[in-house]
Amino acid sequence: MCGIAGIANGANENQISQKTLEEMISILKHRGPDECGIYKDNHAGLGHARLSIIDIKTGAQPMSNEDKSVWITFNGEIFNYPELREDLIKKGHTFKSKSDTEVVIHLYEEHGVECLQYLIGQYAFAIWDKYKKEMFLARDRLGIRPLYFTNFSGSLYFASEIKAIFTACDISREIDPKALNQIFTFWHPVSPRTAFTNIYELPPGNYLTYKNNEITIKQYWDLHYQNDMMDCSFAEASEILQEKLLESLKLQLRADVQIGYYLSGGLDSASVVALSQKLGSSNIKTFSVAFEDDEYDESSYQKILVDTLGTEHKEIRCSYEDISANFPEVIWHTEKPILRTAPAPLFLLSKLVRENNIKVVMSGDGADEVLGGYDIFKETKILEFWGKRPDSKCRPLLLKKLYPFLPAYQSQSKEYREAFFKKALDGSSDRFVSHRARWDMISKVKLLFSERIKSVINGESPEMDLSNMTPREFSNWKPINRAQYLELKYLLPEYILSSQGDRVAMAHAVECRFPFLDHRVVEFCARIPLHYKIKGLNEKYILKRLMKEYLPKKIVKRAKKPYLAPDSRSFFSNNKVPEYIYESLSEKNIKKYDYFKYKSVSHLVNKCMNKGVVGFKDNMAMVGILSTQILHKHFCDEFPRSGNVINNINVMR
């Protein structure tokens, strides 16, 4: 895993600046501390900060083909590269390294942009074709690796992180009010929109070509659900799922360095460890987050798994102060406002991993999305069931079974709960019925927006962008399939794999791998009957049945508890509130940045400081406002426009 950056001239006839490329890659040094390199000619330049995992000795980048007509800067892993390499050798291609990166170059020579159809992996890369004078950017199917770009002053700029683009050009650094409208609805901006005006993210499963100052973006992969599922027995589906997971793991265990594992205490990460052991992995090192706040702590379950699986285990014990102290640095890396503090403990966890000389960790993320693990899927089933008899007194009682891990939800009265969900009952006319209650609740935070932000948004619905991006047949899918699609295509890559994944892991040069997100596993799980995934209200049923012979009953039977961290109480837990919080939320800065109404913010701060019960909405409002203010300070007020250039950057010829 690495950091990549580059420039291609279109209408701009200026020479590519070596210093600019060096500055771009220097600010990404945290992603690739092992070595850095650049390549440039009269029309394009590429930069690379390397985290060496495969072919450590000869895999330096940017890399070219034999006659130096094709150059690549690559971030990620191609897990099936040995098989592809063997096939390419048979077709006459010659290799100078054993890296997966060089396989992509020759695959591009053989197939052009269609090379993407052959790749199994997680990646973001740029290929400069000197003969065509064309830049080709691509991002993996599920959006595990990030890639940003802008077309500014006649040139294309791109990078793994937005900060590298800001380093390279004089584009204005402004937070996009329309992105805030999306973030305070969906938890994230909807790609290609980012938190910043005129900076774009290449969507998952898409590629971009740039030639003659024209950008063309095309989708090469999408996930499709069918109401008629594949015809197979539960036993057959279980056997196939195990085969596909083992094959995914077998490929993802390829590395020239030791691999570690995250162990949350839940089914998904435990399954990855257990199946790795089935493949012969031994002396496994596991890492986890524990919390001083018992409401969030899962260390008792982690201990059960460590004892059962026999791993060498290390943990960080996270306090409120740990979260608040590291929160500004986390926002520097997320490059967007966030509504939960959950990325902060994971930032500290990846630091622990790196301190133990581990560069690669396996994660169970993705299992909930592909196998129906979240309560939002059960919520959708209940609403569909209740909607068939909306006057029923018994059916809405099932709502009590949702969100057992949220005390505030469980303490709500039956009447309040039913009234809250009843608004979403008529699913026949709402394409997004599964997420309606969540989005409506989050959107209430937008009442705190300033008049400036409201005037720019001008009543615009953030759902319009989403509606325009979903497949044509989306409305014909079952509500729960629509729910899974929304989670997999948007929340997963834009928040979980980004703010909680790539950004906080790569802040410490740690690569995360996700066996459940092999696209072949994802496509298979989309085709199996729904009741194999959610039986009644029993989530991830097929995975639980599959793993019962490998894992303790207490883990397999355990109800899903999503990863959460303390929110507002992390900032106001004692009398030692960090100075940056007072500064960020001061009347001066709230009015200066002009994203939120000061009186509303002041009222919210007082509510959080009084240490009473702070609800889900107010917690998200507090974290979202604070992170927006910090983001503005980092990137709009105090961004280091002319960065320091690191030493020993290799110039490729």
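- Across all non-hydrogen atoms, the minimal contact from M469 to S191 is CE-O, 3.1 Å.
- Residues forming a side chain to side chain contact (heavy atoms under 4.5 Å, CB included) with S627 (at least two apart in sequence, or on another chain): F327, I331, P337, I338.
- Side-chain rings of F421 and W386 stay apart, their centers remaining 6.0 Å or farther from each other.
- Taking the centre of each ring, Y403 and Y409 come in below the 6.0 Å mark.
- Atom NZ of K454 is surrounded by more than 12 heavy atoms from other residues, nucleotides or ligands within 6.0 Å.
- Contacts classified as salt bridge (charged side-chain N to carboxylate O under 4.0 Å, His left out) and involving residues 194-203 (residues at least two apart or in different chains) are given here: R139-E201.
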Item checked: Chi angles and distances behind the salt bridge (Lys or Arg N to Asp or Glu O under 4.0 Å) call for D502, R31 -> CA-CA 10 Å; D502 176 271; R31 297 185 66 91; 2.8 Å; yes
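- Put simply, the residue from Y148, F149, Y157 that forms a ring-ring contact (aromatic ring centres under 6.0 Å, His included) with Y200 is F149.
- Taking each heavy atom of C318 and V289 in turn, the nearest pair found is CB-CG1, 4.3 Å.
- Y490 and H188 have parallel rings, their planes meeting at less than 30° on a 0 to 90° scale where 60° marks the start of perpendicular.
- Within a 6.0 Å radius of NZ in K599, no more than 12 heavy atoms belonging to other residues, nucleotides or ligands are found.
- Residues forming a side chain to side chain contact (heavy atoms under 4.5 Å, CB included) with K401 (at least two apart in sequence, or on another chain): L398, L537.
- Minimum heavy-atom separation, I215 to I217: CG2-CG1, 4.0 Å.
- For R436, the salt bridge (Lys or Arg N to Asp or Glu O under 4.0 Å) test picks out D430, D440, E463, with sequence neighbours left out.
- Atom NE2 of H224 is surrounded by more than 12 heavy atoms from other residues, nucleotides or ligands within 6.0 Å.
- Under the rule for a salt bridge (Lys or Arg N to Asp or Glu O under 4.0 Å), the partners of E295 that lie at least two apart in sequence or sit in another chain are R569.
- For V456, the side chain to side chain contact (heavy atoms under 4.5 Å, CB included) test picks out P177, with sequence neighbours left out.
- Under the 6.0 Å distance and 45° angle rule, R145 does not count as a cation-pi partner of Y123.
- Between F196 and F166, the two ring planes are perpendicular [angle over 60°; tilted spans 30° to 60°].
- Using modelled atom types and a 3.5 Å distance limit, the side chains of T150 and N198 yield no donor-acceptor pair.
- Using a 30° and 60° split on the angle between ring planes, Y595 and H632 fall in the perpendicular class, above 60°.
- Counting all heavy atoms, side chain and backbone alike, T194 lies closest to I199 at OG1-O, 2.7 Å.
- A donor atom on one side chain and an acceptor atom on the other are found under 3.5 Å apart for R431 and S475.
- Heavy atoms only, all atoms of each residue included: L142 and L497 are closest at O-CD1, 3.9 Å.
- Residues in residues 483-495 take part in these salt bridge (charged side-chain N to carboxylate O under 4.0 Å, His left out) pairs, two or more places apart or across chains: D222-K489, R438-E487.
- With respect to the salt-bridge test (charged N to carboxylate O, under 4.0 angstrom), the residues E418 and K414 qualify.
- Aromatic ring centroids of H508 and F347 lie under 6.0 Å apart.
- Shown here are the side chain to side chain donor-acceptor pair (under 3.5 Å) partners of H30, two or more places apart in sequence or in another chain: E161.
- In this structure, T341 contributes its side chain and P566 its backbone to a donor-acceptor pair below 3.5 Å.
- A salt bridge links D567 with R340: at least one charged nitrogen is closer than 4.0 Å to a carboxylate oxygen.
- By the salt bridge (Lys or Arg N to Asp or Glu O under 4.0 Å) test, K607 pairs with D618, sequence neighbours left out.
- Enclosure of atom NZ in K597 by more than 12 non-hydrogen atoms of other residues, nucleotides or ligands within 6.0 angstrom is indicated.
- Here Y580 pairs with nothing under the side chain to side chain donor-acceptor pair (under 3.5 Å) rule; sequence neighbours left out.
- Minimum heavy-atom separation, I590 to F596: CG2-O, 3.4 Å.
- T185 and K446 are linked by a side-chain donor-acceptor pair at a separation below 3.5 angstrom, with hydrogens and angles left out of the test.
- Separation of the F449 and F184 ring centroids falls under the 6.0 Å cut-off.
- For the 3.5 Å distance criterion, the side chains of Q182 and D465 qualify, holding a donor opposite an acceptor.
- Residues forming a salt bridge (Lys or Arg N to Asp or Glu O under 4.0 Å) with K592 (at least two apart in sequence, or on another chain): D637.
- A donor-acceptor pair shorter than 3.5 Å can be found between the side chains of E369 and Y374.
- For F572 and Y320, the ring centers sit 6.0 Å or farther from each other.
- Checked against side chain to side chain donor-acceptor pair (under 3.5 Å), E292 has no partners two or more places apart in sequence or in another chain.
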